[in-house]
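Each chain gets a letter, A, B and so on, in the order its sequence line appears, and its residues count up from 1.
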Number of protein chains: 2
Amino acid sequence: MEGKKTVRAAERALDILLCFTRQPELSLTEIARMTELNKSTVYRLLATLEEKGFLARDAETDKYRLGFRIWELSAHLSRTDDPALLFLPEMERLRDKIEETVSLYVRDGLERIRVQAVESLQAIRRVAPVGARMPLSVGAAGKVLAAFAEPAVRAQILADPDWPENVDKSDYLRQLDQIRRDGYATSVEEREAGTSAVSVPIFGRNGNILAALAVSGPVGRLTLERMEEVVPHIIEAAGRMQKMLTN
Amino acid sequence: MEGKKTVRAAERALDILLCFTRQPELSLTEIARMTELNKSTVYRLLATLEEKGFLARDAETDKYRLGFRIWELSAHLSRTDDPALLFLPEMERLRDKIEETVSLYVRDGLERIRVQAVESLQAIRRVAPVGARMPLSVGAAGKVLAAFAEPAVRAQILADPDWPENVDKSDYLRQLDQIRRDGYATSVEEREAGTSAVSVPIFGRNGNILAALAVSGPVGRLTLERMEEVVPHIIEAAGRMQKMLTN
DNA sequence: GAGTTCAGTTTCATCTGTCGAAACCGAGTT
DNA sequence: AACTCGGTTTCGACAGATGAAACTGAACTC
């Protein structure tokens, strides 16, 4: 059931670009290893990608990073294609059902960033500024993003020199295993006192994780029992979002 | 002389992607025309790009749009590569020098979107929510984005059925000509009563416009004379930003 | 309903542009 | 000096990309 008529050279170039969803900086040889392509093949494709501005070389490390063309293109994702906006209605629906704040996170290197949020309408609510950066080491969404990341990334996360001392790594790994089995994560006053959260992954068409959807609120309201009730709803919402992406 | 060793097929695939910075939706034949490639070549490259998720077909029109992979990649632009963040320090510097609100816009189809902003610290100031969408027909930044857009886009802008009646097209075109000559645009109570603005373009390495940088404030403070003073500073800031992009 | 047009798709023979092995270079290390 | 390990270049062989042309199928005209 193979793919259609497709151009190998172009395919390989795109594969190289996709490597950068796993690590923000890569050298020629690293890419060659990851893609299992010959060094000279990668060399020429990198030259092409760089010339067109899709990749750029870091002045210091001489490694490659994503270039401004990616930004240029992403700025032209039409409104309905930008997941942060595309998902908005679905997130609002979930917020209205659960009556707690709903956020969407993506991993960026060894951190996560909140790319979209709709806040609960209740007087006491979790506020969630878009654009905020947080660690992967704590919080339901952080754990989801780590749990479903590629093994190489997971290794990197644990090797991070900034790993917080008060989080036990082996316990963390056990949690990630559990999260992979359950398909969702919870946190109670982990990252921030007084708030708890539930989170589930959103996958791309190749099974790689794209984002984490999270519901968060005050521990008083969002109790363990309440979270249990929330799980099916958030999973359902995530499923619908996933479908929107892949058409 | 010319570029290094580069892979033609990959180059062409990337060229096809770049077509979508000009129009959000394109059919096979349109792309073939724009890139001056053979239909069957484009056909195969499109199949490749679609298979990898870089393009997606619109269910209704059957035309191609940018796919979720672009979003995925853009989410992984490292902090220092995302111009909206990369430019922040420079925008703050400008804000501190001029003491008025500084915004960054990109064109999205026939609209513009504010992708970044730092507000003036004065009590009376222009507020500038990030993410807001505005027309290209009025406002300094709108005119800059239109003035330096590709001719095809400009034609589209003028052909827009939603073009506001109270803006005279031939006058608008004359203004755009002037803006191209001057290298900057101004507006006084155009889009919004009580506010005036100055704006300059930021170009990518191939000379195509990427964004518009704008300074805006209350007409009382940001008078015509004051705007004249501002011009060299905003041009200087834009120049520095441009350099950051292309390394 | 025969004829026309146009977008998208497939075929196929041609030949060129891509590929990988291997050599090369230059900077660090031992 | 010998070795290692990135990155770069060379070069001959051949897979694979290419474009002309043919085909399909829908939409439109007369």
Rounded to whole Å, please give me the gap between [atom1] in [X] and [atom2] in [N].
{"X": "Y43(B)", "N": "dA20(D)", "atom1": "OH", "atom2": "P", "result": "18 Å"}
{"X": "D58(A)", "N": "dG7(D)", "atom1": "CG", "atom2": "P", "result": "13 Å"}
{"X": "K5(B)", "N": "dG7(D)", "atom1": "NZ", "atom2": "P", "result": "18 Å"}
{"X": "E30(B)", "N": "dG8(C)", "atom1": "CD", "atom2": "P", "result": "8 Å"}
{"X": "R8(B)", "N": "dG19(D)", "atom1": "CZ", "atom2": "P", "result": "6 Å"}
{"X": "R33(B)", "N": "dC6(C)", "atom1": "CZ", "atom2": "P", "result": "11 Å"}
{"X": "E25(B)", "N": "dA7(C)", "atom1": "CD", "atom2": "P", "result": "16 Å"}
{"X": "D62(B)", "N": "dA27(D)", "atom1": "CG", "atom2": "P", "result": "11 Å"}

Below 6.0 angstrom between ring centroids: does that apply to Y64(B) and F20(B)? no

Do the two ring centres, one from Y172(A) and one from W163(A), sit under 6.0 Å apart? yes

Give a yes or no on whether a donor-acceptor pair under 3.5 Å exists between the nucleobase atoms of [N], that is its base, and the side chain of [X].
{"X": "S40(A)", "N": "dG20(C)", "value": "yes"}
{"X": "T41(B)", "N": "dA17(D)", "value": "no"}
{"X": "K39(B)", "N": "dG19(D)", "value": "no"}
{"X": "R44(A)", "N": "dG17(C)", "value": "no"}

Pick the nucleotide of DNA chain C nearest each of L28(B) and L45(A); which residue has the one closer to the 5' end? L28(B)

Any chance you could lay out the side-chain contact (heavy atoms from CB on, under 4.5 Å) test for F54(B) and L18(A), step after step, and finish with the verdict? CA-CA 10 Å; F54(B) 284 76; L18(A) 290 180; 3.9 Å; yes

Indicate yes or no: does E236(B) engage R240(B) in a salt bridge with an N to O separation below 4.0 Å. yes

Map Y64(A) and N38(B) onto DNA chain D by nearest heavy atom, then report which one ends up closer to the 5' terminus. Y64(A)

Name the nucleic acid region contacted by R12(A), choosing base, sugar-phosphate or nothing; use a 4.0 angstrom heavy-atom cut-off, strictly under. sugar-phosphate

T29(A) has its side chain closest, among dG6(D), dA15(D), dT8(D), to dG6(D)

Among dG19(D), dC19(C), dG7(D), the nucleotide that comes nearest once only the side chain of R57(A) is considered: dG7(D)

Do we see a donor-acceptor contact under 3.5 Å between the side chains of E11(B) and T48(A)? no

